[in-house]
Participant: 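The following block contains the structure, expressed as structure tokens.
These figures come from a predicted structure and were not determined experimentally. A, B, ... follow the sequence lines: proteins, then strands. Residue 1 opens every chain.
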Number of protein chains: 2
Amino acid sequence: MTERSRPLRADAARNRARVLQVAYETFAQEGAAVPIDEIARRAGVGAGTVYRHFPTKESLFQAIVADRMHQVIERALAQAAADPGEGLYAFLFQMAEQGATDLGLTDAVAGVGFDLAEALPDAERKFMDTVADILARSQRAGTVRSDVDAADIKTLIVGLQAMRRFRGDSELMHRVYPLIRAGLAVPEPPRSA
Amino acid sequence: MTERSRPLRADAARNRARVLQVAYETFAQEGAAVPIDEIARRAGVGAGTVYRHFPTKESLFQAIVADRMHQVIERALAQAAADPGEGLYAFLFQMAEQGATDLGLTDAVAGVGFDLAEALPDAERKFMDTVADILARSQRAGTVRSDVDAADIKTLIVGLQAMRRFRGDSELMHRVYPLIRAGLAVPEPPRSA
DNA sequence: GCCTAACCGGAACGGTCGCCCCGATTATAC
DNA sequence: GTATAATCGGGGCGACCGTTCCGGTTAGGC
């Protein structure tokens, strides 16, 4: 984002990339509670090196979440363009799945220990815009009831991520996910004849 | 549970009750991360006194969760007996509401930082039996589809608690809860005529 | 090849928390 | 009232974690 006055030295650039990559995988698998020392150890550098590139633990976490968020949004928009009717359902399931294997992203979306809207207002706004967009497409396609809004969907994502962490992949997909889908579907009008 | 060989001294019994009461309220409002020293301070005793009655922080937490769980189960069974059709829905909403204002209970149900099934197998089994019972009653009353089981309901409870923590009371009740309810309702057979 | 500025790593600091210890205190039996 | 045994409470220990510091090392221009 911010231009450096001078390019990083080769070893510094290499270490920065390694730290980012290791932190990415580690936060995803074990959540945001992993100590910086541990990330430094796995990256093969000292803790001081981590702090030189990222002044606080939160700044490292933010850099990763912003990137992850970007990926999720891009993928969701592509899916929604390809199949508007399924777009929202695909997005919901993708977020549930991602959130379970990516504890950092879950915490960020749910605002646990790190206020996404405050720390990365652009990412938060773009995320909500994307949700609204995908939702609107599916509603126009007639596969989602019209009386839900983007905030409702975000709430469902938070819930689904919690469920996915609690229960296995296939069980959630085969047993609980259909219930959510049935709840979001356009209700059948009451049969009067 | 276990009988004491000699009754507690009067001041000891009073302190024990105070600690339990304060811990009950504190864990409910602020989650299980509150330090023991803080609970001791609020109860007006020293940390040593807390540890004399409860050898570890977890044992104190367990004592509280077991009690809360008992209350929730009793109340749910009474509701289900009074109105079987609404029993499951009332239970779900009650658990969501309780879980949001009772972070300790939420953590216990979801198994975060404390394995309920391992630490209090009786409470866990009774909880699951109760869920199964209430669910079966509502299914017999025809208000809940027959292809969901108690494990699905528990998963939904975990999700609802997360949602409730994320969003306010009335919003969850008015906007998201109806979606869950619609998903659990007996599906209308497809109109062929 | 040399010089210097940039960078490295890990030891160390300050703060927090679970848990224990022990001199002081107090309830209870006689 | 006195003895005594249970209880009290707060200071302290050890572990952990985020962050800083600084002596040693190395990349890169000349």
Participant: Heavy-atom count check: over 12 atoms from other residues, nucleotides or ligands less than 6.0 Å from A:M128 CE?
Facilitator: yes
Participant: Whole angstroms only, please: what is the CG-P distance between B:L60 and C:dC17?
Facilitator: 16 Å
Participant: Please check this pair: side chain of B:T155 against backbone of B:A151, looking for a donor-acceptor N/O pair closer than 3.5 Å.
Facilitator: yes
Participant: Do A:L160 and A:M95 make a side-chain contact, defined as non-hydrogen atoms from C-beta onward lying under 4.5 Å apart?
Facilitator: no
Participant: For the side chain of A:Y51, starting at C-beta, report the closest nucleotide among C:dC19, D:dT20, C:dC17.
Facilitator: D:dT20
Participant: Across nucleotides 8-14 of chain C, 5' to 3', mark each nucleotide with B, S or - according to how protein heavy atoms within less than 4.0 Å reach it.
Facilitator: BBB----
Participant: How far apart are the closest heavy atoms of A:L179 and B:R145, and which atoms are they?
Facilitator: CD2-CD, 3.8 Å
Participant: Relative to the ring of B:F61, is the ring of B:F27 parallel (under 30°), tilted (30 to 60°) or perpendicular (over 60°)?
Facilitator: perpendicular
Participant: For A:E58 and D:dC17, give me the distance from atom CD to atom C1', rounded to whole Å.
Facilitator: 15 Å
Participant: Measure the distance from CD1 on B:I36 to P on C:dC20 and round it to the nearest whole Å.
Facilitator: 12 Å
Participant: Report the distance from atom CD1 of A:I39 to atom C1' of D:dC17, rounded to the nearest whole Å.
Facilitator: 12 Å
Participant: Would you mind reading off the distance between B:K57 atom NZ and C:dC17 atom C1', rounded to a whole angstrom?
Facilitator: 8 Å
Participant: When you compare the side chain of B:E30 with that of B:E38, does any pair of heavy atoms fall below 4.5 Å?
Facilitator: no
